[in-house]
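These notes are about the structure you will find just below.
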Amino acid sequence: MTAIPPLPASTPEAAVNDPSAGPRPRTVPGPGSGADRAGAPDAAGVETAGTRASALHAPVLAWFDQHARDLPWRRPEAGAWGVMVSEFMLQQTPVSRVLPVYEQWLARWPRPADLAAEPSGEAVRAWGRLGYPRRALRLHGAAVAITERHGGDVPSEHAQLLALPGIGEYTAAAVASFAYGQRHAVLDTNVRRVFARTVTGVQYPPNATTAAERKLARALLPDDDTTAAHWAAASMELGALVCTARNEDCSRCPVSGHCAWRLAGKPAHEGPARRGQTYAGTDRQVRGRLLAVLRESAGPVGQASLDAVWHEPVQRARALDGLVADGLVEPLEGGRYRLPG
DNA sequence: CAGTCGTGGTA
DNA sequence: TTACCAAGACT
């Protein structure tokens, strides 16, 4: 049941400039969008950004034109809504797992208003096992807001995007850039890693995005909107395909000759290990099991069905309360529960 | 600002 | 097998 139609390959620029994606992309950079507006004097490293940029841009852009994946949300027909849906799903989730859910989602809800017309529980159900189901709730909430506040069209202004539930700094910039061809620093984990290595000369970026990283990203941003949007997609793709967290392949990197980290002998990451997640036994695991039961049931389920997923009653109750508090589960009369209607 | 929030593939 | 990682957002 491969629902993916055999679409013609499209250039990355096609999606960026797609006029059917919504409001016309800006052709003139807005006021104050210059990269040199930050008040503080350039930090070490940033002042050489101009030099870096000239060395990095052309090879990375050319590499992208040749190696970019043909992902459905990059096709012209995806539109701004398709881009936005993909960005929600891709938050902390690999492309391979997003693809099938994305296709079904867009087929069922081709416009924001289509999703907004349904109860949020349907979004949670269709989210399937993508993880972090609050994203489904937020995407539904964003669709409602777009329908109410923006006439059903995904807004093109960064500030308006940022005001939608589930959209933070990264996603607002990504939608504005990928869907509307605007000039924004799109700082995701891939781009941060590429910059950390090529420019800063370290293996990994800091745990949390820093002001210095934002400043560097702005300094590296090409001047015109079209090239900036192209660069955003290209630098991200390089991090996703070549300059990966583990097993990076410098032999396939178009800027390996300029990479500060590689030229320094690829020194290992200094400092504490990344993070300790340990999923087994956490509330998150219990929440996941509880919600799975609700998702797979057509109607409300009884307390006994939920009790069966976890042996420890205190943690189980806490997890269920959390799901209800988050709006992911709706309690009914008589100890029954369902996805929100 | 550090914690929380799912899930599954891979080294 | 354990641990890390995958286009973050929110509190």
Side-chain angles (χ1 to χ4, degrees), chain A residues 12 15 68-69 71-74 78 82-102 124 127-139 141-142 161-179 184-194 203-211 213 217 229 232-241 243-248 269 272-295 309 318-319 321-323 325-329:
Chain A
R69 292 167 292 180
L71 300 170
W73 43 87
R74 287 179 177 163
V83 170
M84 182 176 146
V85 169
S86 77
E87 290 302 335
F88 270 75
M89 292 182 173
L90 288 164
Q91 291 168 4
Q92 302 287 283
T93 305
V95 167
S96 60
R97 284 175 42 212
V98 164
L99 284 169
V101 183
Y102 171 87
V124 174
W127 198 253
R129 306 189 67 80
L130 281 183
Y132 292 145
R134 290 189 292 194
R135 292 181 293 165
L137 226 44
R138 291 170 183 155
L139 180 51
L161 288 164
L162 198 55
L164 297 172
I167 294 191
E169 183 178 334
Y170 160 75
T171 302
V175 173
S177 181
F178 301 155
H184 292 283
V186 182
L187 257 190
D188 80 318
T189 185
N190 291 306
V191 175
R192 294 180 61 218
R193 186 174 54 251
V194 168
Q203 187 176 19
Y204 296 119
N207 282 325
T209 306
T210 63
E213 285 183 276
S235 54
M236 189 177 306
E237 189 79 335
L238 184 63
L241 297 183
C243 193
T244 50
R246 291 181 293 188
N247 301 326
E248 72 282 352
H269 178 71
R274 313 292 286 172
R275 51 178 175 267
Q277 271 245 108
T278 63
Y279 176 65
T282 62
D283 284 7
R284 293 162 73 178
Q285 183 180 26
V286 186
R287 288 167 56 109
R289 289 193 184 184
L290 290 170
L291 202 58
V293 172
L294 275 295
R295 234 191 282 116
V309 307
R318 182 173 68 235
D321 285 348
L323 289 171
D326 288 345
L328 284 163
V329 173

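Every chain is numbered from 1, with letters handed out A, B, ... down the list of sequences. Worth knowing before you read on, the calculation uses all heavy atoms, side chains too, and leaves out hydrogens, waters and symmetry mates.
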Which pairs, protein N/O on one side and nucleotides 9-11 of chain C N/O on the other, fall under 3.5 Å?
from: C/dA9; atom 1: OP1; to: A/G168; atom 2: N; distance (Å): 2.9
from: C/dA9; atom 1: OP1; to: A/T171; atom 2: N; distance (Å): 3.0
from: C/dA9; atom 1: OP1; to: A/T171; atom 2: OG1; distance (Å): 2.5
from: C/dC10; atom 1: OP1; to: A/G166; atom 2: N; distance (Å): 2.6

Quick one: side-chain contact (heavy atoms from CB on, under 4.5 Å) partners of [X], sequence neighbours excluded?
X: A/T209; result: A/L187, A/R192, A/E213, A/R214
X: A/S86; result: A/W73, A/L90, A/Y102
X: A/A163; result: A/R149
X: A/A173; result: A/H158, A/H184, A/V186

With sequence neighbours left out, what residues match [X] under side chain to side chain donor-acceptor pair (under 3.5 Å)?
X: A/D326; result: A/R287
X: A/R193; result: A/N190
X: A/R246; result: none
X: A/E248; result: A/K266

query = Does the side chain of A/V329 come within less than 4.5 Å of A/L291's, by heavy atoms?
reply = yes
Can you check whether [X] has a side-chain N or O nearer than 4.0 Å to OP1 or OP2 of [N]?
X: A/R193; N: C/dA6; answer: yes
X: A/R295; N: B/dG6; answer: no
X: A/Q92; N: C/dG8; answer: yes

Under 3.5 Å between N/O atoms: give me all the protein pairs with nucleotides 1-3 of chain B, atom names plus distance.
none

All N/O contacts under 3.5 Å from nucleotides 8-11 of chain B to the protein, with atom names and distances to one decimal?
from: B/dG8; atom 1: OP1; to: A/R129; atom 2: NE; distance (Å): 2.4
from: B/dG8; atom 1: OP2; to: A/R129; atom 2: NH2; distance (Å): 3.3

Set of residues satisfying salt bridge (Lys or Arg N to Asp or Glu O under 4.0 Å) with respect to A/R97, sequence neighbours excluded = none
